[in-house]
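Worksheet: one structure, shown below.
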Amino acid sequence: MGRLSFRSVTFMFIVTFLVWSSLNVEVCNARRGKHWRQHGTTSSVSLYKKKGKNHGSNNHHKSGGKPKPKYASPPPISPPSKGYDNVPSTNIFDVTNFGAVGDGKTDDTKAFQAAWAAACKVEDSTMIVPSKYVFLVGPISFSGPYCQHNIVFQLDGTIIAPTDAKSWGSGIMQWLEFTKLVGITVKGSGVIDGRGSVWWQDTPYDDPLDDELKLIIPLNKTLLRHPLTPINSSLSGKMPSIKPTALRFYGSFNVTVTGITIQNSQQCHLKFDNCIGVLVNNFTVSSPGDSPNTDGIHLQNSKDALIRSSNIACGDDCVSIQTGCTNVYVHNINCGPGHGISIGSLGKDNTKACVSNITVKDVIMKNTMNGVRIKTWQGGSGSVQGVFFSNIQMNEVQLPIVIDQFYCDKSKCKNQTAAVALSDINYAGIKGTYTVKPVHLACSDSMPCQDVTMMNIQLKPIQERYHMYDPFCWQTFGELYTPTQPPIECLQVGKPTSNKIQADHDQC
């Protein structure tokens, strides 16, 4: 009985111990599980915050971890992939934090200079011109070459130019300028307003006029002149004869301009000079059709450029391609009013000009003076080759297709035998309506145009207020691949028999 009792007690003790152990294990597991979940959540949040804090930053931890690889600059025509929303606060420089008032009356030039000086020192920085403000800014240069790479100029507000003569001194070539930078982006939904009417009014007839005006003769035989532009009477003082470009990029790599509007520029709206890798996208130019010499986009000594999906209304060429340009692609542009898309003028004052590999396609021209044009001066040298004009819609364009190797924007120019050589010029899918002359191909006597091809040219006349003319060709050689409307019978098939051979120093 006692032995049984001992066994019973022992058994009960063992059962009790097992039950107690089981309960403790469950409690521990429960606590451990709760702690694991809490620890895991905390760790995840902490990691997220750390990544967010350092995303895009250039600061390196001093721990033994591997340094992040340094990536190469983006390709020349790659669109920007970031705005200022996801940029670290240490990389953001708002002009209002540097003293800019933005009331449209206070001179904010020094504040913009201070903001740029700070942004210039930080890679991947963003200089912000905020919305709902109007900033009065005088001539300013946002300069390198010692600035860090990939700076974004985020323009969401409005920048206006001064209209008093004293702000410009004796004259200046550009108003807002970016020089010697790598990976510079100007983007946003903002406006650059040159308030150019005061400049246009001061010298309405002193500027050179487009030479193609000589081909456009009104039925009443009155001369075409720039009408006087209305001007606010509160603006006083004669402006300098040198008119500035509104926005210029010089000597820069991987330049992007997207989203912004430039309006009423004093002269040219947007200029690229000595740049490599240019992207212009979703860009707007807005100026009256009678504003003198207000080119939309001007390219000079620049290569690897893409201009696309933009609307350009101005008083001169919507896009002007000058000497030193190669690999330029212009696509999906609405042009008008304006003077069309031009290569040139080239070879002025007996200079050498080199332009190659230019493509202009999917463009709509509306009420422009010219459509697609190549213009050169007598006496020049060099060459234009590899040009493709494709799928261009002409709506009431005065002169849809123009080659003019006798260009002269003066009252008289002397005759010279030297010329810029033109070859491999191609026109395809040029359709729509014209009001003066469908085709004007005036090539050099000593250096005729070669390899000019035409395909699917369908241009119909609309009689308005100008004299109408048939297609004209002079010293132009090439081939018609399809019948044209109207027939372009003046184009000579084959090669010129007496083409002058260019000297070595003329070759590009």
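This chain uses plain numbering: 1 for the first residue, then up along the sequence.
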>> Apply salt bridge (Lys or Arg N to Asp or Glu O under 4.0 Å) to residues Asp317 and Lys375 and explain how you reach the verdict.
In response: CA-CA 12 Å; Asp317 296 331; Lys375 48 183 180 175; 3.4 Å; yes
> Does the side chain of Val134 reach to within under 4.5 Å of the side chain of Leu136, using non-hydrogen atoms?
Replying inline: no
> After noting the C-alpha distance and the side-chain angles of Thr351 and Asp349, does the key distance pass the side chain to side chain donor-acceptor pair (under 3.5 Å) rule?
Replying inline: CA-CA 6 Å; Thr351 56; Asp349 297 327; over 6 Å; no
> Are Tyr427 and Val372 side-chain neighbours, meaning at least one heavy-atom pair lies under 4.5 Å?
Replying inline: yes
> Atom CG in Leu155, atom CD1 in Ile128: separation rounded to 0.5 Å?
Replying inline: 11.5 Å
> Are any side-chain N or O atoms of Asn254 and backbone N or O atoms of Gly277, one a donor and one an acceptor, separated by less than 3.5 Å?
Replying inline: no
>> Under a 3.5 Å threshold, yes or no: a donor from one side chain and an acceptor from the other, between Asn264 and Arg195?
In response: no
>> If only side-chain N and O atoms count, and only distance matters, is there a donor-acceptor pair under 3.5 Å linking Asn370 with Glu212?
In response: no
> Sub-3.5 Å donor-acceptor pair from the side chain of Thr284 to the main-chain atoms of Thr261, do we have one?
Replying inline: no
> Of the non-hydrogen atoms in Ala118 and Val122, which two are nearest, and what is the gap between them?
Replying inline: O-CG2, 3.9 Å
>> Run the disulfide bond (SG atoms under 2.5 Å apart) test against Cys147 and tell me which residues pass, sequence neighbours left out.
In response: Cys120
> Can a donor-acceptor pair be found between the side chains of Asp290 and Trp200 at a distance below 3.5 Å?
Replying inline: no
> Can His331 and Asp362 be counted as having a side-chain donor-acceptor contact under 3.5 angstrom?
Replying inline: yes
> Without hydrogens or angle criteria, can the side chains of His269 and Ser287 be said to hold a donor-acceptor pair below 3.5 Å?
Replying inline: yes
> Minimum heavy-atom separation for Met394 to Pro400, with atom names?
Replying inline: CE-O, 3.4 Å
> Do Trp199 and Pro292 have side-chain heavy atoms sitting under 4.5 Å apart?
Replying inline: no
> Is Lys214 salt-bridged to Asp409, going by a charged N under 4.0 Å from an acidic O?
Replying inline: no
> From Leu176 CG over to Leu270 CG, what is the distance, rounded to the nearest 0.5 angstrom?
Replying inline: 11.0 Å
> Under a 4.5 Å cut-off applied to non-hydrogen side-chain atoms, are Ile260 and Ile192 in contact?
Replying inline: yes
> Quick one: does Leu422's side chain get under 4.5 Å of Gln405's, heavy atoms only?
Replying inline: yes
> Got a second to check how far Asp316's CG is from Thr294's OG1, nearest 0.5 Å?
Replying inline: 6.5 Å
> Is the count of non-hydrogen atoms from other residues, nucleotides or ligands lying under 6.0 Å from Phe253 atom CZ greater than 12?
Replying inline: no
>> For Asp156, is there an ion pair with Lys187 - N to carboxylate O distance below 4.0 angstrom?
In response: no
>> Rounded to the nearest 0.5 Å, what separates atom CG in Asn293 from atom OG in Ser320?
In response: 11.0 Å
> Can any side-chain N or O of Ser342 pair as donor or acceptor with the backbone N or O of Gly344 at less than 3.5 Å?
Replying inline: no
> Would the Phe98 and Phe112 ring centres measure less than 6.0 Å apart?
Replying inline: no
> Are Thr179 and Ser141 close enough that some pair of their side-chain heavy atoms sits under 4.5 Å apart?
Replying inline: yes
> Cys318: what forms a disulfide bond (SG atoms under 2.5 Å apart) with it, not counting sequence neighbours?
Replying inline: Cys335
>> For the OG1 atom of Thr435 and the CG atom of Leu399, what is their distance to the nearest 0.5 Å?
In response: 7.5 Å
> For the side chain to side chain donor-acceptor pair (under 3.5 Å) test, which of Asp424, Asn327, Thr326, Asp304 pairs with Asn357?
Replying inline: Asn327
>> Testing the basics here: between Glu464 and Glu396, what is the closest heavy-atom pair and its distance to 0.1 Å?
In response: OE2-OE1, 2.6 Å
> For Leu459 and Pro438, which heavy atoms make the closest approach, and how far apart are they?
Replying inline: CD1-O, 3.8 Å
> So, the side chain of Ser252 versus the backbone of Phe249: is there a donor-acceptor pair under 3.5 Å, distance only?
Replying inline: no
> Hey, does Val280 have a side-chain heavy atom less than 4.5 Å from the side chain of Thr258?
Replying inline: no
> Do any N or O atoms from the side chain of Gln463 and from the backbone of Tyr466 form a donor-acceptor pair under 3.5 angstrom?
Replying inline: yes
> Any ring pair (Phe, Tyr, Trp, His ring centres under 6.0 Å) pairs touching residues 345-380, not counting sequence neighbours?
Replying inline: Trp377-Tyr407
>> Tell me the closest heavy-atom pair linking Val129 and Val95, and the distance in Å.
In response: CA-CG2, 4.2 Å
>> Looking at Asp404 and Phe406, would you say the former's side chain and the latter's main chain have a donor-acceptor pair under 3.5 Å?
In response: yes
> Does one side chain, of Gln300 or Ser302, offer a donor that lies under 3.5 Å from an acceptor on the other?
Replying inline: no
> Between Phe142 and Phe153, what is the ring plane arrangement, given parallel below 30°, perpendicular above 60°, and tilted in between?
Replying inline: tilted
>> Is there a side-chain contact (heavy atoms from CB on, under 4.5 Å) between Ile341 and Val363? Walk through the geometry before answering.
In response: CA-CA 9 Å; Ile341 294 178; Val363 172; 4.0 Å; yes
>> So, applying side-chain contact (heavy atoms from CB on, under 4.5 Å) with Arg248, which one of His298, Met173, Glu177 is it?
In response: Glu177
>> Please determine whether side-chain contact (heavy atoms from CB on, under 4.5 Å) holds for the pair Arg373 and His339, giving the CA-CA distance in whole Å, both sets of side-chain angles, and the decisive distance to 0.1 Å.
In response: CA-CA 9 Å; Arg373 172 172 60 161; His339 292 189; 4.0 Å; yes
> Is a side-chain donor-acceptor pair under 3.5 Å present for Asp94 with Thr96?
Replying inline: yes
> Has the side chain of Asp210 got a donor or acceptor atom that lies under 3.5 Å from a matching backbone atom of Leu213?
Replying inline: no
>> When you measure from the side chain of Trp168 to the backbone of Gly138, do you find a donor-acceptor pair of N or O atoms at a distance under 3.5 Å?
In response: no
> Any chance the side chains of Gln148 and Asn150 put a donor and an acceptor closer than 3.5 Å?
Replying inline: no
> How about Lys238 and Val198: do any of their side-chain heavy atoms sit closer than 4.5 Å?
Replying inline: no
> If every non-hydrogen atom of Gln154 is compared with every non-hydrogen atom of Gly188, which pair is closest and at what distance?
Replying inline: NE2-CA, 3.6 Å
> What's the spacing between Thr433 OG1 and Gln398 CD if we round to 0.5 Å?
Replying inline: 11.5 Å
> Would Ile364 and Ile333 count as a side-chain contact (heavy atoms from CB on, under 4.5 Å) if you check the C-alpha gap in whole Å, the side-chain angles of each, and the deciding distance to 0.1 Å?
Replying inline: CA-CA 6 Å; Ile364 297 176; Ile333 301 296; over 6 Å; no
> side-chain contact (heavy atoms from CB on, under 4.5 Å) between Ile403 and His440: does it pass, once the steps are laid out?
Replying inline: CA-CA 6 Å; Ile403 294 177; His440 180 83; over 6 Å; no
>> With a 3.5 Å distance limit and no angle check, can you tell me whether Thr476 reaches the backbone of Trp474 through a side-chain donor-acceptor pair?
In response: yes
> Backbone N or O of Cys443 within a donor-acceptor pair of the Gln475 side chain at under 3.5 Å?
Replying inline: no
